[in-house]
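The structure under discussion appears below in the form of structure tokens.
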Amino acid sequence: MKIVIVGGVAGGASAATRLRRLNENAQITVFERSGYISYANCGLPYYVGGVIEDPEELTLQTPESFWDRFRIDVRTKHEVTKIDIDKKTVTIRGLDSGKVFEESYDKLILAPGARPIRPNISGIDSDKIFTLRTVEDTFRIRDYVVEKQPKTAVVVGGGFIGVEMAENLCELGVKVTLVEGTNQLMNTLDYDMATLVHAKIRSKGIDLKLENTVLGFEEDGDTVNVLLKDDIKVKADIVLMAVGVAPESTLAKEAGIKLGIKNSIEVNDKMETSVPDIYAVGDAVQVKHVVTNSDSLISLAGPANKQGRIAADNICGIESHYKGSLGSSVIKVFDMTATSTGITEKIAKKEGIKYDKVILSPMSHAGYYPGGQIMTMKVVFEVDTLKILGAQIVGHGGVDKRIDVIATAISAGIKANELKDLDLAYAPPYSSAKDPVNMAGFMIENISKGIVKQFYLEDLDSLKDDDSITLLDVRTLGEYNKGHIEGFSHIPVDDLRDRLSEIDKSKPVYLMCQSGLRSYIASRILSQEGFDSYNFAGGYRFYSMVTKESKMAEKEYPCGMDIQ
């Protein structure tokens with residue numbers, strides 16, 4: 001059997017090595033347009049920033065190592081330009097030699113990946129403007145940074161690459177401006193959770209310009225002026241475009257292979273395309289989202305690796321199916337970690353799902369053990385079924401562990417209230433006896449059983465001037481005096497039982513504390529005394545975090561101010 005693979009990196013390289021492990025006699029050839037067959041794509045920004053010092057650390061395998069270990073014929077700097085589905089051949093052009101030739105196949109795997117979007121705006125072809133996709137791109141950017149020693153940079157785009165490049169350039173001492181067209185960074189998060197990322201970015205001296213777009217560029221000597229809306233000009237020594245990626249599907253389209261959303265390649269759960277004997281994997285393919293079962297485009301290394309393996313299995317006669325993507329992700333933002341899995345509240349609302357959410361601020365480990373830090377955690381679930389829809393966690397230590405637990409729970413079909421039952425590892429340096437994931441489950445169970453009712457940040461404006469309700473802050477007097485929401489009166493939770501007479505029993509009581517825990521206790525006291533009570537999801541800490549960032553959106557934190 002002769003198998004040709006178009007593209008390496010995660011999907012193509014995984015397919016190739018799995019094929020060899022299953023079939024020692026297959027003839028396997030991989031054509032890769034870049035000069036590298038298998039590399040640490042996600043590590044590229046950290047080479048630019050000097051965190052990864054040895055360039056060889058980026059290349060996981062070489063054509064030589066593929067041949068020595070797997071007897072796979074890898075040809076880098078070879079571009080596949082055409083697929084003839086009738087003749088079952090591909091046309092290849094050697095990028096160094098210019099030689100054009102054909103190669104036949106019995107099975108073909110497409111792993112072309114995705115290309116950075118480079119908008120067609122004036123001045124985009126400046127040699128000071130870069131995109132980041134390949135190892136070669138990384139070397140060009142790193143060489144430019146080392147040679148030119150830029151003092152200022154503009155990063156356009158607030159996704160994974162944009163945020164990571166902003167961080168790495170900032171750590172090199174470059175004054176960075178980060179421009180994003182929407183009102184938030186990281187669309188894998190809801191706006192309220194993204195405000196933590198915004199605050200961290202600003203605290204490091206990065207000028208964050210949200211809801212702004214680049215209209216063009218103009219050369220200005222050794223620098224380039226980045227032209228933003230509202231006649232704003234930002235001068236930069238280097239510009240990194242990271243406005244997103246698009247599936248590299250031209251080859252498939254020209255061959256008559258069926259395309260899906262955003263011109264991605266349509267495949268079934270065996271990774272088969274619409275054309276017999278042609279498979280596709282990786283960032284170029286359309287997948288089903290595990291939570292919504294809707295067609296999705298999820299460009300992540302983990303799914304690409306799994307898809308490569310599944311394509312290889314099916315080619316070799318092993319029944320194998322791709323069960324869809326959750327989009328689980330994690331990103332380092334200086335000393336902070338931001339994670340997500342499943343869908344956001346924003347998507348749940350767009351999909352018309354009847355959902356609810358819990359927001360909590362647990363410690364990364366036992367509070368009495370030194371070094372614990374607060375994480376902010378949001379879990380979204382379906383009201384009627386208690387199906388976990390998604391989760392987002394932003395914090396420091398232990399954040400990645402918790403998001404992986406919830407991702408596993410979603411995949412296993414565990415209900416949101418059943419998170420309380422998970423038997424998770426505990427020792428004071430690592431967790432609490434009630435792990436944050438368990439705590440989310442306890443809260444969801446209370447909501448589902450009517451033990452507590454919630455109100456939310458988005459409800460506050462309509463509640464502040466409502467005379468038919470009571471707004472009550474149950475924190476300590478010192479906390480209250482440091483800052484509270486207008487309209488909230490004050491009774492500490494420990495005094496509440498003795499001061500019930502001060503509260504009008506005919507009015508619903510809306511309660512708030514710092515994190516939602518003490519106000520939950522207050523709610524249980526009031527409910528059992530005949531009051532109708534509601535607990536504020538997230539507490540004053542969450543309110544302060546989100547509203548402070550909203551006010552700071554067009555300002556800049558003093559350089560060095562650290563936001564925890």
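Along the sequence shown, residues carry numbers from 1.
- Within the 4.5 Å cutoff, the side chain of T273 has heavy atoms near those of the I265 side chain.
- Counting only distance, with no hydrogens or angles, the side chain of S249 and the backbone of N263 share a donor-acceptor pair below 3.5 Å.
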Practice item. Kindly determine whether K87 and E102 satisfy salt bridge (charged side-chain N to carboxylate O under 4.0 Å, His left out), including the steps that lead there. Key: CA-CA 11 Å; K87 292 169 55 181; E102 285 189 351; 3.4 Å; yes
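- Remark: the backbone N or O of T62 is paired with a side-chain donor or acceptor of S65 at under 3.5 angstrom.
- Taking CD1 from I5 and CD1 from I37, the interatomic distance works out to 8.0 Å, rounded to the nearest 0.5 Å.
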Check your understanding: Given the rule in the side-chain contact (heavy atoms from CB on, under 4.5 Å) test, do Q307 and Y279 qualify, once you have shown the distances and angles that lead to the verdict?
Key -> CA-CA 10 Å; Q307 292 159 13; Y279 298 73; over 6 Å; no
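- Partners of F334 by ring-ring contact (aromatic ring centres under 6.0 Å, His included), not counting sequence neighbours: none found.
- Annotation: side chain of T138 is in contact with side chain of L132 (closest heavy-atom distance under 4.5 Å).
- For K262, the side chain to side chain contact (heavy atoms under 4.5 Å, CB included) partners at least two apart in sequence or on another chain are L297.
- For N305 (side chain) and A301 (main-chain N/O), a donor-acceptor pair under 3.5 Å exists by modelled atom type.
- Electrostatic pairing of K204 and E167 does not count as a salt bridge here, judged by no charged N lying under 4.0 Å from a carboxylate O.
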**Study point:** side-chain contact (heavy atoms from CB on, under 4.5 Å) between L95 and H78, intermediate numbers included
**Key:** CA-CA 6 Å; L95 298 181; H78 279 74; over 6 Å; no
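- Put simply, the side chain of D84 does not reach to within 4.5 Å of the side chain of V90, judged on heavy atoms.
- Taking a 6.0 Å sphere around NZ of K253, one finds it holds 12 or fewer heavy atoms contributed by other residues, nucleotides or ligands.
- In summary, of the residues considered (K346, K357, K378), a salt bridge (Lys or Arg N to Asp or Glu O under 4.0 Å) with D190 occurs for K378 alone.
- Checked by atom type and distance alone, the side chain of S325 never pairs as donor or acceptor with a backbone atom of G327 at under 3.5 Å.
- The pair D404-R402 fails the salt-bridge criterion, with no side-chain N (NZ, NE, NH1 or NH2) lying under 4.0 Å from an Asp/Glu carboxylate O.
- Under the salt bridge (Lys or Arg N to Asp or Glu O under 4.0 Å) criterion, the residue pairs touching residues 266-282 are K88-D277, K107-D277, K258-E266, K270-E319, with sequence neighbours excluded.
- Among residues at least two apart or in separate chains, salt bridge (Lys or Arg N to Asp or Glu O under 4.0 Å) pairs with a member in residues 281-307 are K288-D295.
- Looking at residues two or more places apart in sequence or on another chain, you find a side chain to side chain contact (heavy atoms under 4.5 Å, CB included) between L227 and E218, N225, K233.
- For the side chain to side chain contact (heavy atoms under 4.5 Å, CB included) criterion with I310, the lone passing option out of K323, M271, R18 is M271.
- Proximity of Y47 to N168: side-chain heavy atoms (C-beta onward) are nowhere separated by under 4.5 Å.
- Within the 4.5 Å cutoff, the side chain of V358 has heavy atoms near those of the F381 side chain.
- No donor-acceptor distance shorter than 3.5 angstrom exists from the side chain of R142 to the backbone of V145, with no hydrogens or angles considered.
- Scanning for salt bridge (Lys or Arg N to Asp or Glu O under 4.0 Å) contacts around E147 gives an empty result, with sequence neighbours left out.
- Taking every heavy atom of both residues into account, I117 and V243 meet most closely at O-CG2, 3.4 Å.
- The salt bridge (Lys or Arg N to Asp or Glu O under 4.0 Å) search around R309 returns none, not counting sequence neighbours.
- Residues T76 and F31 form no side-chain contact, since every pair of their non-hydrogen atoms from C-beta on lies 4.5 Å or further apart.
- Around NZ of K229, the count of heavy atoms belonging to other residues, nucleotides or ligands within 6.0 Å exceeds 12.
- Salt-bridge check for K77 with E32: failed, with every basic side-chain N at 4.0 Å or more from each acidic carboxylate O.
- Using modelled atom types, one finds a donor on one side chain and an acceptor on the other under 3.5 Å when comparing S104 with K2.
- Listed for the K209 side chain is no donor-acceptor partner under 3.5 Å among the backbone atoms of L228.
- Contact between I129 and G123 at its shortest, heavy atoms only, is CD1-O, 3.4 Å.
- Not a single donor-acceptor pair under 3.5 Å links the side chain of E79 to the backbone N or O of R93.
- Here the NZ atom belonging to K415 is positioned 15.0 Å from the CD1 atom belonging to I410, to the nearest 0.5 angstrom.
- A10 approaches A304 most closely through the heavy-atom pair CB-CB, 3.9 Å.
- L259 and A252 get closest at one heavy-atom pair: CD2-CB, 4.4 Å.
- Applying the salt bridge (Lys or Arg N to Asp or Glu O under 4.0 Å) rule to pairs touching residues 237-252 yields R33-E248, R115-E248, R133-E248, sequence neighbours excluded.
- A ring pair (Phe, Tyr, Trp, His ring centres under 6.0 Å) check over residues 7-28, counting only residues at least two apart or in different chains, returns nothing.
- Considering only residues two or more places apart in sequence or on other chains, D137 meets the salt bridge (Lys or Arg N to Asp or Glu O under 4.0 Å) condition with R140.
- Between the side chain of T339 and the backbone N or O of I393, at least one donor-acceptor pair lies under 3.5 Å.
- With a 4.5 Å cut-off on side-chain heavy atoms, D73 and I28 do not count as touching.
- Between the CG atom of L251 and the CG atom of L108 there is a distance of 8.0 Å, given to the nearest 0.5 Å.
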Exercise for review: Could you please spell out the steps behind the side-chain contact (heavy atoms from CB on, under 4.5 Å) verdict for L44 and T134?
Suggested key: CA-CA 8 Å; L44 300 182; T134 66; 5.8 Å; no
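- Looking at Q184, its side chain does come within 3.5 Å of a backbone N or O of M186 through a donor-acceptor pair.
- In this structure, V155 and G162 approach most closely via the heavy-atom pair CG1-O, 3.4 Å.
- With sequence neighbours left out, Y355 forms a ring-ring contact (aromatic ring centres under 6.0 Å, His included) with no residue at all.
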Exercise for review: For side-chain contact (heavy atoms from CB on, under 4.5 Å), just list the numbers for K332 and Y46, CA-CA rounded to whole Å, side-chain angles, deciding distance to a tenth of an Å, and then say yes or no.
Suggested key: CA-CA 11 Å; K332 172 184 173 295; Y46 299 99; 4.0 Å; yes
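- Side-chain contact between E64 and R69 is absent, with no heavy atoms from C-beta onward closer than 4.5 Å.
- Nearest heavy-atom pair across V176 and A166 is CG2-O, 3.9 Å.
- Atom CZ of F130 is separated from atom OG of S126 by 8.5 Å, given to the nearest 0.5 angstrom.
- Distance alone, capped at 3.5 Å, is enough to place a donor-acceptor pair between the N314 side chain and the S320 backbone.
- For E219, the salt bridge (Lys or Arg N to Asp or Glu O under 4.0 Å) partners two or more places apart in sequence, or in a different chain, are K128.
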